[in-house]
Protein chains: 2
Amino acid sequence: MEYFSQPMSTEPKLSFKQQQLIVRENAIVDATNQLLAKKGFDLMTMDEVAAEVGIAKASLYKHFPSKEALAAAAMIQLLENTLAFVRGLPADQAAIDQLKSVLQWALLTRMKGGLPTLPAENTSLRETLLNNTRYINRLMDLNELMGELIEKARAEGAIHKDLPTDVVLFTIYARSCDPTLDYLRMNEQYNEEQVIDFLITTCFNGLH
Amino acid sequence: MEYFSQPMSTEPKLSFKQQQLIVRENAIVDATNQLLAKKGFDLMTMDEVAAEVGIAKASLYKHFPSKEALAAAAMIQLLENTLAFVRGLPADQAAIDQLKSVLQWALLTRMKGGLPTLPAENTSLRETLLNNTRYINRLMDLNELMGELIEKARAEGAIHKDLPTDVVLFTIYARSCDPTLDYLRMNEQYNEEQVIDFLITTCFNGLH
DNA sequence: GTCTATACCATGATAGAC
DNA sequence: GTCTATCATGGTATAGAC
């Protein structure tokens, strides 16, 4: 199954053991992503991850050498999912609508419990991520793609010319982990769609 | 000195010991506020607070029964400072400009290292705060004052009529702990004034 | 009320059997 | 590679002398 789903692989022949290992590691990363989104890096414990996956804590350390490395793997997976979404956007759409789609997708993902709020923390995780070339490469790819969209949207008159590209970029990123979403959800006065609409509207009106 | 600065007190006569105690507790709360802003509740340790104040850790527990209670005291002080600022706003100013002043003040305070980023965490601190009547009362006072300003600004045409008051309120609150500030500061491409201007502009344009 | 010293516990990480 | 059992660290909170 893994074989047929990856026909482009140069080494398609994976033993049953290897396949099992991949499945297990995916399960670990998924559980990590959920817990990371729910509690953040510091409050997430390795015991919880192990319990969620259903394995012993020591087994985690056979797959990932440290808590930071595990979280980094989860963050990389998240980045790759984001990249896949951005690359799959319809090219004939207006750039500003593509940007809105990205934010909408991020907010929906977060509501489903799959997007860790990563502020600019001074934690050990940050250092690990900055030293991870794979993470940095993915991040630079994403920044480049988003930067192109932003400049196209500005050329189309949808973004104010006085706002630098990086300011717009950071603003959109920050909106994806905006605590306003949690506040409004706690209120229970608006449904999920309305909450997302409020966030997208106030964000992009502010950039226009 | 404490005596003369509080002439309205019903029990003005404070012994030297009592004055000293107040000064000490203020120092503790100030140090807590700084560390809270710098590292957040979870990463802040009681050892650090004690070291910053210059007393033994055990002495902290003579003043505050727990880490949560200490943080709550700091949060209350912050709320009271905010209330004092809002109450001191020039009443003849347009409501929208008063709101902008509040956000500007909050962002300046945060840049000086005095405003803890308090997301809607699932931590023990949240429960403590919700059970603290003094905190809750101050928070309700602030919400009411800000709510009045928002409705006045809407009546004056500065805020979009389709945006509910609580959505506007949460959006402004969220902007005061926006990670965009940290990102742009790390860039070092813009000075502090420019960064604050970007945040205020994009925020209130989005609400218009 | 402040100090030194310590109890107690949660958690990240590891050893060693299977 | 997975498990049980354990270590080491660091952090909250407290005891007891002064």
Side-chain angles (χ1 to χ4, degrees), chain A residues 2 14-32 35-36 38-75 116 121-129 131, chain B residues 2 14-29 31-32 35-36 38-75 121-129 131:
Chain A
E2 198 68 40
L14 291 179
S15 73
F16 178 71
K17 282 271 184 188
Q18 285 171 313
Q19 293 177 37
Q20 219 178 19
L21 183 120
I22 291 177
V23 169
R24 168 91 31 123
E25 294 210 339
N26 281 342
I28 294 174
V29 170
D30 285 344
T32 303
L35 286 169
L36 223 45
K38 187 176 166 191
K39 321 184 68 173
F41 179 72
D42 300 309
L43 269 62
M44 177 190 84
T45 71
M46 295 299 266
D47 293 85
E48 286 171 319
V49 178
E52 181 77 21
V53 180
I55 61 174
K57 179 167 57 170
S59 303
L60 282 184
Y61 283 91
K62 298 288 182 179
H63 293 273
F64 300 94
S66 70
K67 185 183 178 184
E68 285 78 14
L70 174 56
M75 301 295 303
E121 303 178 53
N122 295 330
T123 168
S124 55
L125 177 59
R126 183 171 174 74
E127 203 175 351
T128 303
L129 286 176
N131 288 335
Chain B
E2 200 67 39
L14 291 178
S15 73
F16 178 71
K17 282 271 183 187
Q18 286 171 313
Q19 293 177 36
Q20 217 176 20
L21 184 119
I22 290 177
V23 170
R24 167 92 32 126
E25 294 210 340
N26 282 342
I28 294 175
V29 171
T32 304
L35 285 168
L36 222 45
K38 188 177 167 191
K39 321 185 66 173
F41 179 73
D42 300 309
L43 270 62
M44 178 190 84
T45 72
M46 296 297 266
D47 293 83
E48 287 171 319
V49 177
E52 181 75 22
V53 180
I55 61 176
K57 179 168 55 169
S59 302
L60 281 184
Y61 284 90
K62 298 287 181 181
H63 293 273
F64 301 93
S66 69
K67 184 183 177 182
E68 283 81 12
L70 175 57
M75 300 297 301
E121 304 179 51
N122 297 329
T123 169
S124 55
L125 177 59
R126 182 170 176 75
E127 205 176 349
T128 303
L129 287 175
N131 288 335

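The shown structure was predicted, so the numbers you read here are calculated from the model rather than taken from an experiment. Chain identifiers are assigned alphabetically (A, B, ...) following the order of the sequence lines, protein sequences preceding nucleic acid strands; residue numbering begins at 1 within each chain.
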With the side chain of B:Lys62 defined as its heavy atoms from C-beta on, choose the nearest nucleotide among C:dT2, D:dC3, C:dG1. C:dT2

For the pair made of CG in A:Asp47 and P in C:dG12, what is the distance, rounded to whole Å? 7 Å

Between D:dA13 and B:Tyr61, is there an OP1 or OP2 to side-chain N/O distance shorter than 4.0 Å? yes

Drop me the distance from A:Ile55's CD1 to A:Lys62's NZ, to the nearest 0.5 angstrom. 12.0 Å

Donor-acceptor pairs are to be reported for all side-chain atoms of residues 64-75 of chain B against protein atoms at under 3.5 Å, with residues two or more places apart or in another chain.
unit_1  : atom_1 : unit_2   : atom_2 : d
B:Ser66 : OG     : B:Glu68  : N      : 3.4
B:Ser66 : OG     : B:Ala69  : N      : 3.1
B:Lys67 : NZ     : B:Phe41  : O      : 3.0
B:Lys67 : NZ     : B:Met44  : O      : 2.6
B:Glu68 : OE2    : B:Ser124 : OG     : 2.7

Phosphate-side-chain proximity, A:Ser59 and D:dC3, N/O vs OP1/OP2 below 4.0 Å: yes

Length of the line joining A:Met46:CE and C:dT14:P, which is rounded to integer Å: 10 Å

Quick one: label A:Thr45 by what it contacts on the DNA or RNA (base, sugar-phosphate, nothing), any heavy atom closer than 4.0 Å. sugar-phosphate

Whole angstroms only, please: what is the CD1-P distance between B:Ile28 and C:dG1? 11 Å

Measure from CG on A:Leu60 to C1' on C:dA13 and round the result to the nearest Å. 11 Å

What distance separates B:Lys38 NZ from B:Leu36 CG, expressed to the nearest 0.5 Å? 12.5 Å

What contact category does B:Lys67 fall into here, base, sugar-phosphate, or nothing, at under 4.0 angstrom with non-hydrogen atoms? sugar-phosphate

From CZ of A:Phe16 across to P of D:dG1 the rounded distance in Å is 13 Å

So which heavy atom on B:Ala56 is nearest to which on B:Ala50, and how close? C-CB, 4.0 Å

Let me know, please, whether A:Met44 or B:His63 comes out on the 5' side of the other along DNA chain C by nearest nucleotide. B:His63

note: B:Glu25, atom CD; C:dG1, atom C1'; distance rounded to Å ~ 11 Å

Any A:Leu21 side-chain heavy atom under 4.5 Å of A:Glu25 side chain: yes

Could you tell me the separation between the NZ atom of A:Lys57 and the P atom of D:dC3, rounded to a whole number of Å? 13 Å

Listed nucleotide nearest any side-chain atom of A:Ala58, set C:dA13, D:dC3, C:dG1: D:dC3

Assign B:Lys17 to base, sugar-phosphate, or nothing according to its heavy-atom contacts below 4.0 angstrom with the strands shown. nothing

Quick one: B:Glu48 CD to D:dG10 P, roughly how many Å, whole number? 13 Å

Which nucleotide sits closest to the side chain of B:Arg24: C:dT2, C:dT14, C:dG12? C:dT2

